[in-house]
J.: 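Okay, here's the structure, questions in a sec.
Read the numbers this way: they start at 1 and go in the same order the structure lists the ligands and their atoms. Reckoned from all heavy atoms, side chains included, excluding hydrogens, waters and symmetry mates.
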Amino acid sequence: MIADVDPFRAIAISRLAHKLAGEGRDIIHMEFGQPSTGAPQAAITAAHRVLDTDPMGYWENDRLKARIARHYAEAHGVEVDGEQVILTCGASPALVLALSCLFAPGAAVALARPGYVAYRNTLKALYLNPLEFACGPEQRFQVTADALAALDPAPQGLIVASPANPTGTIIAPGEMAAIADVCRQRGIRIVSDEIYHGLSYGEPAGSMLEHAPDALVINSFSKYFSMAGWRLGWLVVPRDLIDAARARMGNLFLTPPALAQHAGLIAFDCRDELEAHVRSYVRNRELLLDALPRMGLDRIAPPDGAFYIYADVSHLTDDSLALCESLLRDTGVATAPGVDFDPVEGHRFMRFSFAVSTALVEEAVARMTPWFRACGNAIAAPASQAAGA
Ligand SMILES: Cc1ncc(COP(=O)(O)O)c(C=O)c1O
């Protein structure tokens with residue numbers, strides 16, 4: 001039996017956006033969670049230097065592994081050995097390694113719905129069973145310890161993401177500890193996707209390693225470090241899984257690009273430049289949180305982190321893919337439909353990524369405001385006509 005893996009719907013929107021741009025339209029890309037800022041300048045300078053001097057073979061940068069390990073001590077007070085850090089080509093292969101190290105085909109792995117589309121599809125590609133459970137605004141779209149404790153039978157695994165995609169919500173430290181407790185009691189192995197660490201607008205997100213030392217933790221240079229196309233990330237594994245994870249990395253992916261590993265080590269300490277990006281996301285977030293309700297999109301959970309706003313558009317449509325497409329054709333603003341993140345409720349949601357410049361967010365707001373108002377009015381009109389009739 002061939003695994004049934006769904007496509008990213010946002011890619012269809014992105015393709016249309018690029019086609020329209022090719023026809024001369026001015027497009028604002030808010031469909032993907034992709035910083036527009038590029039790698040830190042010092043990392044780029046180092047990469048230029050390395051290109052001239054390094055043969056660029058298969059390589060594992062031990063200094064980068066040690067630097068990442070030190071980060072866990074400094075930021076989270078947990079001890080990680082460099083050997084526990086497996087360098088990967090981004091978070092995506094790290095997810096494949098983590099799941100294939102922990103679970104045999106057929107295992108049930110719980111995850112929040114809505115959630116990052118690739119969780120469900122990577123699970124399916126590995127013949128694992130995604131056990132998605134609905135997490136609405138009351139749970140701030142996150143798995144809770146109580147919900148996990150109530151699952152019968154207990155799943156073999158759990159994927160958590162904090163901050164999450166598409167909602168940007170963070171699991172509070174107390175809840176994270178409670179989730180870790182339930183998992184310990186019920187023998188559930190945890191995969192914690194911490195790719196949006198560094199991007200938070202209140203308290204910084206904690207690492208699952210603070211509560212569950214045997215959790216497998218995924219991270220990447222794609223978001224905070226603004227290096228998505230460099231394809232570099234990592235997986236932290238407990239000591240007993242180092243060999244299994246290394247064997248899978250070697251066979252499936254060999255090593256991440258040598259150039260990216262050189263640049264990543266430098267990027268790790270470019271904090272001033274990276275924090276400047278975070279400050280611009282703070283501003284973008286505020287602009288959208290102010291503007292969206294004025295467009296009639298007032299059912300949103302203010303994101304604690306990442307760079308997304310997930311908005312309920314059920315008053316306008318039950319086909320958010322069509323809504324995103326109309327918005328793009330009419331205004332040039334590309335966004336992601338909720339169906340990618342939630343196959344059940346997502347057709348009533350859409351996601352705005354604010355990882356673009358503040359000037360572009362302002363421009364997007366200027367274009368979207370009259371469009372959403374007109375859309376709302378068009379829907380309200382027949383109802384009020386009917387009421388008057
Ligand atoms: C929650 C989450 N995990 C993983 C990834 C994959 O990231 P990478 O570019 O590091 O493979 C993404 C990408 O958007 C994401 O949102």
J.: Please tabulate, one pair per line, all N/O donor-acceptor pairs under 3.5 Å involving side-chain atoms of residues 222-235, not counting sequence neighbours.
T.:
unit_1: Ser222; atom_1: OG; unit_2: Ser220; atom_2: OG; d: 3.0
unit_1: Lys223; atom_1: NZ; unit_2: Gly33; atom_2: O; d: 2.6
unit_1: Tyr224; atom_1: OH; unit_2: Glu275; atom_2: OE2; d: 2.6
unit_1: Ser226; atom_1: OG; unit_2: Thr37; atom_2: OG1; d: 2.7
unit_1: Ser226; atom_1: OG; unit_2: Gly38; atom_2: N; d: 3.2
unit_1: Ser226; atom_1: OG; unit_2: Gly38; atom_2: O; d: 2.9
unit_1: Arg231; atom_1: NH1; unit_2: Ala228; atom_2: O; d: 3.0
unit_1: Arg231; atom_1: NH2; unit_2: Cys89; atom_2: O; d: 3.3
unit_1: Trp234; atom_1: NE1; unit_2: Tyr72; atom_2: OH; d: 3.0

J.: Could you list all the salt bridge (Lys or Arg N to Asp or Glu O under 4.0 Å) pairs where at least one residue sits in residues 117-128, not counting sequence neighbours?
T.: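 Counting only pairs at least two positions apart or across chains, the salt bridge (Lys or Arg N to Asp or Glu O under 4.0 Å) contacts touching residues 117-128 are Asp6-Arg120, Asp6-Lys124, Arg120-Glu132.
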
J.: Verify the distance criterion only: is there a donor paired with an acceptor across the side chains of Ser100 and Arg248 at less than 3.5 Å?
T.: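 Short answer, yes.
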
J.: Compile the donor-acceptor pairs under 3.5 Å between side chains in residues 305-315 and protein atoms, sequence neighbours left out, one pair per line.
T.:
unit_1: Tyr308; atom_1: OH; unit_2: Tyr196; atom_2: OH; d: 2.5
unit_1: Asp312; atom_1: OD1; unit_2: Ser314; atom_2: N; d: 2.8
unit_1: Asp312; atom_1: OD1; unit_2: Ser314; atom_2: OG; d: 2.6
unit_1: Asp312; atom_1: OD2; unit_2: Arg299; atom_2: NH1; d: 3.4
unit_1: Ser314; atom_1: OG; unit_2: Arg299; atom_2: NH1; d: 3.3
unit_1: His315; atom_1: ND1; unit_2: Arg299; atom_2: NH2; d: 3.1
unit_1: His315; atom_1: NE2; unit_2: Gly296; atom_2: O; d: 3.2

J.: Identify the protein atoms, limited to N or O, that lie within less than 3.5 Å of an N or O atom of ligand 1, and list each pair with its distance to 0.1 Å.
T.:
unit_1: ligand 1; atom_1: 3 (N); unit_2: Asp193; atom_2: OD2; d: 2.6
unit_1: ligand 1; atom_1: 9 (O); unit_2: Ser222; atom_2: OG; d: 2.7
unit_1: ligand 1; atom_1: 9 (O); unit_2: Arg231; atom_2: NH1; d: 2.9
unit_1: ligand 1; atom_1: 10 (O); unit_2: Ala91; atom_2: N; d: 2.7
unit_1: ligand 1; atom_1: 10 (O); unit_2: Ser220; atom_2: OG; d: 2.7
unit_1: ligand 1; atom_1: 10 (O); unit_2: Ser222; atom_2: OG; d: 3.1
unit_1: ligand 1; atom_1: 11 (O); unit_2: Ala91; atom_2: N; d: 3.3
unit_1: ligand 1; atom_1: 11 (O); unit_2: Ser92; atom_2: N; d: 3.0
unit_1: ligand 1; atom_1: 11 (O); unit_2: Ser92; atom_2: OG; d: 2.5
unit_1: ligand 1; atom_1: 11 (O); unit_2: Arg231; atom_2: NH2; d: 2.8
unit_1: ligand 1; atom_1: 14 (O); unit_2: Lys223; atom_2: NZ; d: 2.7
unit_1: ligand 1; atom_1: 16 (O); unit_2: Asn165; atom_2: ND2; d: 2.8
unit_1: ligand 1; atom_1: 16 (O); unit_2: Tyr196; atom_2: OH; d: 2.6

J.: Spell out, as yes or no, whether a donor-acceptor pair under 3.5 Å connects the side chain of Gln261 to the backbone of Trp59.
T.: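 Checked: pair present.
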
J.: Out of the candidates His211, Met208, Met176, only one should pair with Ile190 under the side chain to side chain contact (heavy atoms under 4.5 Å, CB included) rule; please name it.
T.: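 For Ile190, the side chain to side chain contact (heavy atoms under 4.5 Å, CB included) test succeeds with only one of His211, Met208, Met176, which is Met208.
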
